[in-house]
Amino acid sequence: LRPIWNEGGGGANIEIFSVKADGSKVLLNDAANGGFKTYRVGTAPKKPTEGPKFTKSSRNADGSITLEWTGGGTLEAAASITGPWQAVPGATSPYKFSPTGPQLFGRLKL
């Protein structure tokens, strides 16, 4: 059973219960009074680690651009936002480059 709760405004309540053999109602998870246990004990999975992210980009006086990032990753570049993406050889933060075309897209990949 998976109830989906949508409250449009104002107060609302929900009770999910089972009926015992004697006709009395008992809420789910009220194991002390004969209710069914509807949960399980476990360990939550590890949260993903934060990946690489750009922290700064700056245009230099000579027309070059400097990119800075944290979190590792591989700098990739493409002439179009849809790729094809190519790893930029030897790129480490800070990375300085001179654009050679009208546009260049960059991304950091784990």
Side-chain angles (χ1 to χ4, degrees):
L1 171 69
R2 178 178 285 174
I4 299 174
W5 185 285
N6 296 302
E7 183 189 358
N13 296 296
I14 186 172
E15 287 185 352
I16 302 174
F17 57 87
S18 60
V19 179
K20 297 189 331 186
D22 65 4
S24 63
K25 297 175 184 174
V26 61
L27 294 173
L28 297 181
N29 288 324
D30 187 3
N33 291 314
F36 294 111
K37 184 177 99 169
T38 60
Y39 64 90
R40 64 177 166 208
V41 178
T43 304
K46 290 183 177 182
K47 292 181 181 177
T49 58
E50 188 172 312
K53 64 181 175 182
F54 287 108
T55 56
K56 183 179 178 183
S57 65
S58 56
R59 183 173 202 110
N60 304 314
D62 64 359
S64 66
I65 296 174
T66 300
L67 297 175
E68 295 181 32
W69 64 90
T70 60
T74 301
L75 179 62
E76 294 184 332
S80 167
I81 193 71
T82 58
W85 293 91
Q86 300 289 327
V88 178
T92 58
S93 181
Y95 180 72
K96 182 178 175 181
F97 70 99
S98 297
T100 57
Q103 63 186 20
L104 183 65
F105 296 88
R107 72 179 182 186
L108 290 169
K109 187 173 180 183
L110 280 175

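Remember, predicted model here, so these are calculated numbers, not experimental data.
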Residues passing the side-chain contact (heavy atoms from CB on, under 4.5 Å) test with Lys25, sequence neighbours excluded, are Phe17, Val19
Taken in chain and number order and not counting sequence neighbours, the residues that satisfy side-chain contact (heavy atoms from CB on, under 4.5 Å) with Asn60 are Ser58, Asp62, Ser64, Thr66, Lys96
Quick note, salt bridge (charged side-chain N to carboxylate O under 4.0 Å, His left out) partners involving residues 65-75, not counting sequence neighbours, are none
Quick note, salt bridge (charged side-chain N to carboxylate O under 4.0 Å, His left out) partners involving residues 77-93, not counting sequence neighbours, are none
Shared hydrophobic cluster for Val88 and Trp85 (ILVMFWY, side-chain gaps under 4.5 Å):
no
Can you give me every donor-acceptor pair (side chain of residues 102-110, partner residue at least two apart or in another chain, under 3.5 Å) with its distance?
unit_1 : atom_1 : unit_2 : atom_2 : d
Gln103 : NE2    : Ala79  : O      : 3.1
Arg107 : NE     : Glu76  : OE1    : 2.6
Arg107 : NH2    : Glu76  : OE1    : 2.9

Closest heavy-atom contact between [X] and [Y]?
{"X": "Pro89", "Y": "Ala87", "answer": "CD-O, 3.3 Å"}
{"X": "Ala78", "Y": "Gly83", "answer": "CB-CA, 3.9 Å"}
{"X": "Ser57", "Y": "Leu67", "answer": "CB-CD2, 3.6 Å"}
{"X": "Val26", "Y": "Gly35", "answer": "CG2-N, 3.6 Å"}
{"X": "Gly72", "Y": "Pro52", "answer": "O-CB, 3.1 Å"}

Excluding Val41, membership of its hydrophobic cluster (Ile, Leu, Val, Met, Phe, Trp, Tyr; side-chain heavy atoms within less than 4.5 Å) reads Tyr39
